[in-house]
Amino acid sequence: MLTATLEASVSAVRISARQSGAAPAPLVTHCSKCHLRELCLPCGMTGGDVERLDSLMFGRRKIAAGQTLYRAGDGFKFIYAVRSGTFKSSLLLADGREQVGGFYMAGELMGLDGVAHGAHASSTIALEDAEVCSIPYTHFTEMAAANSGMQHVVSRLMSREIVREHSLMVLLGSMNAEERLAAFLLNLSQRMKARGYSASEFHLRMTRAEIGSYLGMTLETVSRTFSAFQQQRLLEVDKRHIRIIDLDGLNRSFSTRVH
């Protein structure tokens, strides 16, 4: 009943805004109705917990390509769930170089780097036109404090971030150039498949320089490794468009030294 009343109020504000010529009210999102619920925050939740998320009525925000969502040092207020598009997180090093820390796509969460100290440790930028849900962290943790199931969700979110950072350390510390790029492409392939897209053909939203920064490789090494994969008939590459010809072969090039 409360949710229905709030929805009616939001609709009334939109109509009033259109009639007066004012800016429209922001859209709100209900996790229970989102097509990404099996990948995003509600994944693994019970129906009751998802209804509690719905009561928060997360705001939605459009981000243009190249626009910064938040910068390193900004106060931490929200966790952001990607509804569409691709983002990169990065740090500016002392010598002026950019260190890319990760890439995020639909259904993935950003902003957890701000939990520890109350300010974001990195900057996050849209690599294409995108949309996010803004999740108020204070409201979310208050809800979790009163519900053991939600506490588990918060723990799972933190664990996911730790696993992501650990995976990056493995990439940078124990693999050669071909293994790093193969692991990166296989990871993208798996994430595309989970979202209902082709696992073997996709368009890279990030530049080769950004891939190199993420993988700890120079731009020249990234380009040379892509060329090597083409010569081995593992991939077809047309600028940023990738078609994986031999998925098993790409897996072998990644797993030779890992196992």
Side-chain angles (χ1 to χ4, degrees), residues 26-45 49-50 53-54 56-72 74-91 98-115 120-137 139-141 153-154 156-165 167-168 184-199 202-207 210-211 213-214 240 242:
L27 295 173
V28 295
T29 292
H30 294 102
C31 292
S32 61
K33 299 177 181 177
C34 182
H35 65 290
L36 296 166
R37 59 186 176 274
E38 296 303 323
L39 293 170
C40 195
L41 191 59
C43 179
M45 283 188 180
D49 289 338
V50 176
L53 282 182
D54 283 350
L56 293 179
M57 300 181 71
F58 303 147
R60 281 160 58 180
R61 176 179 170 189
K62 291 185 182 294
I63 310 294
Q67 183 180 348
T68 300
L69 179 61
Y70 55 82
R71 301 181 187 278
D74 284 353
F76 171 63
K77 296 180 180 179
F78 299 97
I79 298 172
Y80 299 96
V82 184
R83 281 183 60 85
S84 64
T86 309
F87 290 81
K88 71 171 179 180
S89 65
S90 62
L91 293 169
E98 177 188 57
Q99 174 61 59
V100 175
F103 301 103
Y104 301 87
M105 58 180 63
E108 296 177 343
L109 301 173
M110 306 179 295
L112 288 167
D113 62 338
V115 172
H120 290 288
S122 61
S123 300
T124 295
I125 299 171
L127 297 179
E128 58 183 318
D129 290 346
E131 188 176 21
V132 299
C133 294
S134 303
I135 304 167
Y137 185 71
H139 297 169
F140 183 56
T141 53
V153 171
V154 174
R156 176 169 53 82
L157 293 179
M158 300 304 175
S159 176
R160 184 190 298 178
E161 185 72 6
I162 291 169
V163 168
R164 186 192 67 80
E165 292 190 359
S167 298
L168 175 59
F184 175 74
L185 293 173
L186 289 168
N187 177 263
L188 281 183
S189 171
Q190 292 163 0
R191 290 156 77 187
M192 290 292 186
K193 183 178 180 180
R195 286 153 183 78
Y197 299 112
S198 171
F202 45 85
H203 190 78
L204 297 175
R205 300 301 177 183
M206 62 291 294
T207 66
E210 288 166 337
I211 294 172
S213 176
Y214 177 63
R240 295 196 193 183
I242 303 294

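Residues take their numbers from the sequence shown, with the count starting at 1.
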What is the minimum heavy-atom distance between M206 and F184, and which atoms define it? SD-CZ, 4.1 Å
State the CZ-CG distance between F103 and N187, to the nearest 0.5 angstrom. 11.0 Å
R195 with E108: basic N within carboxylate O range, under 4.0 Å: yes
Rounded to the nearest 0.5 Å, what separation is found between the CD atom of E128 and the OG1 atom of T86? 4.0 Å
The reported gap from NZ in K193 to CZ in F202 (rounded to nearest 0.5 angstrom) is 13.0 Å
Could you give the distance from OG (S122) to CG (L91), rounded to the nearest 0.5 Å? 5.5 Å
Using the six-membered ring wherever Trp is involved, compare the ring planes of Y70 and H120 and label them parallel, tilted or perpendicular (cut-offs 30° and 60°). parallel
In sequence, state the C-alpha distance, the side-chain angles, and the governing distance for L188 and I242, and then conclude on side-chain contact (heavy atoms from CB on, under 4.5 Å). CA-CA 11 Å; L188 281 183; I242 303 294; over 6 Å; no
Apply side-chain contact (heavy atoms from CB on, under 4.5 Å) to the pair V132 and K62, showing each step before the final yes or no. CA-CA 6 Å; V132 299; K62 291 185 182 294; over 6 Å; no
Looking only at non-hydrogen atoms, find the nearest pair between F78 and S134 and report the distance. CD2-CB, 3.8 Å
Separation of T124 OG1 from L69 CG (nearest 0.5 Å): 6.0 Å
What's the verdict on salt bridge (Lys or Arg N to Asp or Glu O under 4.0 Å) for R61 and E131, showing C-alpha distance, side-chain angles and the deciding distance? CA-CA 6 Å; R61 176 179 170 189; E131 188 176 21; over 6 Å; no
Pairwise side-chain contact, L127 with F87, heavy-atom cut-off 4.5 Å (strictly under): no
Heavy-atom side-chain contact between Y80 and L109 under 4.5 Å: no
Which distance, rounded to the nearest 0.5 Å, do you find between the OG of S89 and the CG of D113? 7.5 Å
Please find the pair of heavy atoms, one from A64 and one from A126, that lie closest to each other, and give the distance. O-CB, 3.5 Å
Salt bridge or not for E98 and K88, using N-O below 4.0 Å? yes
For R71, does the CZ atom have more than 12 heavy-atom neighbours from other residues, nucleotides or ligands under 6.0 Å away? no
Does some side-chain heavy atom of I63 sit less than 4.5 Å from a side-chain heavy atom of D129? no
Could you pull out the closest heavy-atom pair between A121 and A72, with the gap in Å? O-CB, 3.8 Å
Contact summary for R240 and T207, nearest pair of heavy atoms: NH2-CG2, 3.0 Å
